[in-house]
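Read through the structure below, which is laid out as structure tokens, and then see the notes.
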Amino acid sequence: MPRAGLTRDAVVTLALETIDELGVDGLTLAEIAGRAGVKVPSLYKHIASLEVLRSAAATEATHELARELRAAAVGVSRTAALDSLAHAYRGYALRHPGRYAATQRAPLPGEAREEAHAAAATEVQQVVSATLRGYDIADDQLIDATRALRAALHGFCALENGGGFALPVSMSQSFARMIAGLDRMLSTWPS
């Protein structure tokens, strides 16, 4: 019998909390079972495997990120949208370092819950594309512009979360200057 109150959603929530505390590699079925107050075999009533749990956590984290980016970019365009989107992205990465890391791995073809994860990633892509269209970037250029923006934002967030910025200049100042540079780059994006 499953423990009363323990559901698939509750197991995924525990996984999200765990990866924020211990990192993606800290997510184990034993850790989740301990947090849930059950034995590992009891988890199989809710989740088929560790791979499925990791995929479900990555999918939910990607949905969370999409919601935050959408909320930040709604009602603004071009420079204001880029600034809001970038700060929402960084804020999510700082508040949820493990969840953020989980969003960075694209699902592999045939992987458990690939479709759900791909749908969540599409939500993020739609918000980013809408922001980039504010710069009059042609549809056939959106992937290149998206990759450039993602590389800059992810690089900054990964270094910041990993303790890679030790110089005595405000990280927020550096981030703002990077966003200003991205704004100039996107404003002159080649067609």
Quick check for you: to the nearest 0.5 Å, what is the distance between [X] atom [atom1] and [Y] atom [atom2]?
{"X": "Thr79", "Y": "Asp183", "atom1": "OG1", "atom2": "CG", "answer": "3.5 Å"}
{"X": "Arg99", "Y": "Thr18", "atom1": "CZ", "atom2": "OG1", "answer": "10.0 Å"}
{"X": "Arg70", "Y": "Leu65", "atom1": "CZ", "atom2": "CG", "answer": "10.0 Å"}
{"X": "His117", "Y": "His63", "atom1": "NE2", "atom2": "NE2", "answer": "9.0 Å"}
{"X": "Ile32", "Y": "Leu53", "atom1": "CD1", "atom2": "CG", "answer": "6.0 Å"}
{"X": "Thr13", "Y": "Asp9", "atom1": "OG1", "atom2": "CG", "answer": "6.5 Å"}

Say whether [X] and [Y] are linked into one hydrophobic cluster, either directly or through other cluster members, by side-chain heavy-atom distances under 4.5 angstrom.
{"X": "Leu159", "Y": "Ile179", "result": "yes"}
{"X": "Phe175", "Y": "Leu94", "result": "no"}
{"X": "Met171", "Y": "Leu182", "result": "yes"}
{"X": "Val24", "Y": "Leu43", "result": "no"}
{"X": "Val76", "Y": "Leu186", "result": "no"}

Provide the closest heavy-atom pair for [X] versus [Y] in the form atom of the first, atom of the second, distance.
{"X": "Ile137", "Y": "Ala145", "result": "CD1-CB, 3.9 Å"}
{"X": "Val169", "Y": "Ser174", "result": "CG1-OG, 3.9 Å"}
{"X": "Gly98", "Y": "Asp20", "result": "N-OD1, 3.1 Å"}
{"X": "Ala66", "Y": "Val127", "result": "O-CG2, 4.3 Å"}
{"X": "Leu6", "Y": "His46", "result": "O-CE1, 2.9 Å"}
{"X": "Ala30", "Y": "Val40", "result": "CA-CG2, 3.7 Å"}

* **Ile143 atom CD1, over 12 foreign heavy atoms within 6.0 Å** =>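 Count not over threshold, so no.
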* Asked: Should the heavy atoms of other residues, nucleotides or ligands under 6.0 Å from CZ of Arg177 be counted, would the total exceed 12?
  ->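 Incorrect, the count does not exceed 12.
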* Aromatic plane relationship, Phe165 with Phe156 - under 30° parallel, 30 to 60° tilted, over 60° perpendicular ->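 Ring orientation, 0 to 90° scale: tilted.
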* May I ask you to say whether Glu68 pairs ionically with Arg90, meaning some side-chain N is under 4.0 Å from a carboxylate O? =>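 So Glu68 does not pair with Arg90 through a salt bridge.
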* Asked: What do the steps show when you test Glu31 against Glu21 for side-chain contact (heavy atoms from CB on, under 4.5 Å), and what is the final call?
  -> CA-CA 11 Å; Glu31 179 67 30; Glu21 292 173 29; 6.0 Å; no
Any side-chain heavy-atom pair of [X] and [Y] under 4.5 Å:
{"X": "Leu149", "Y": "Leu85", "answer": "yes"}
{"X": "Arg133", "Y": "Ser77", "answer": "no"}
{"X": "Arg67", "Y": "Glu64", "answer": "yes"}
{"X": "Leu153", "Y": "Met178", "answer": "yes"}
{"X": "Leu29", "Y": "Tyr44", "answer": "yes"}

* **Donor-acceptor pair, side chain of His96 and main chain of Tyr92, under 3.5 angstrom** =>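 No: the side chain of His96 does not pair with the backbone of Tyr92.
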* Asked: For the rings on Tyr100 and His154, is their centre-to-centre separation under 6.0 Å?
  ->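 Yes, the ring of Tyr100 comes within the 6.0 Å limit of the ring of His154, centre to centre.
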* Asked: Strictly by modelled atom types, are Arg150 and Gln125 linked by a side-chain donor-acceptor pair under 3.5 Å?
  ->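 Looking only at side-chain atoms, Gln125 and Arg150 do not form any donor-acceptor pair under 3.5 Å.
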* **With Val128, the side chain to side chain contact (heavy atoms under 4.5 Å, CB included) member among Leu82, Leu142, Thr146** =>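 Between Val128 and the candidates, side chain to side chain contact (heavy atoms under 4.5 Å, CB included) is satisfied uniquely by Thr146.
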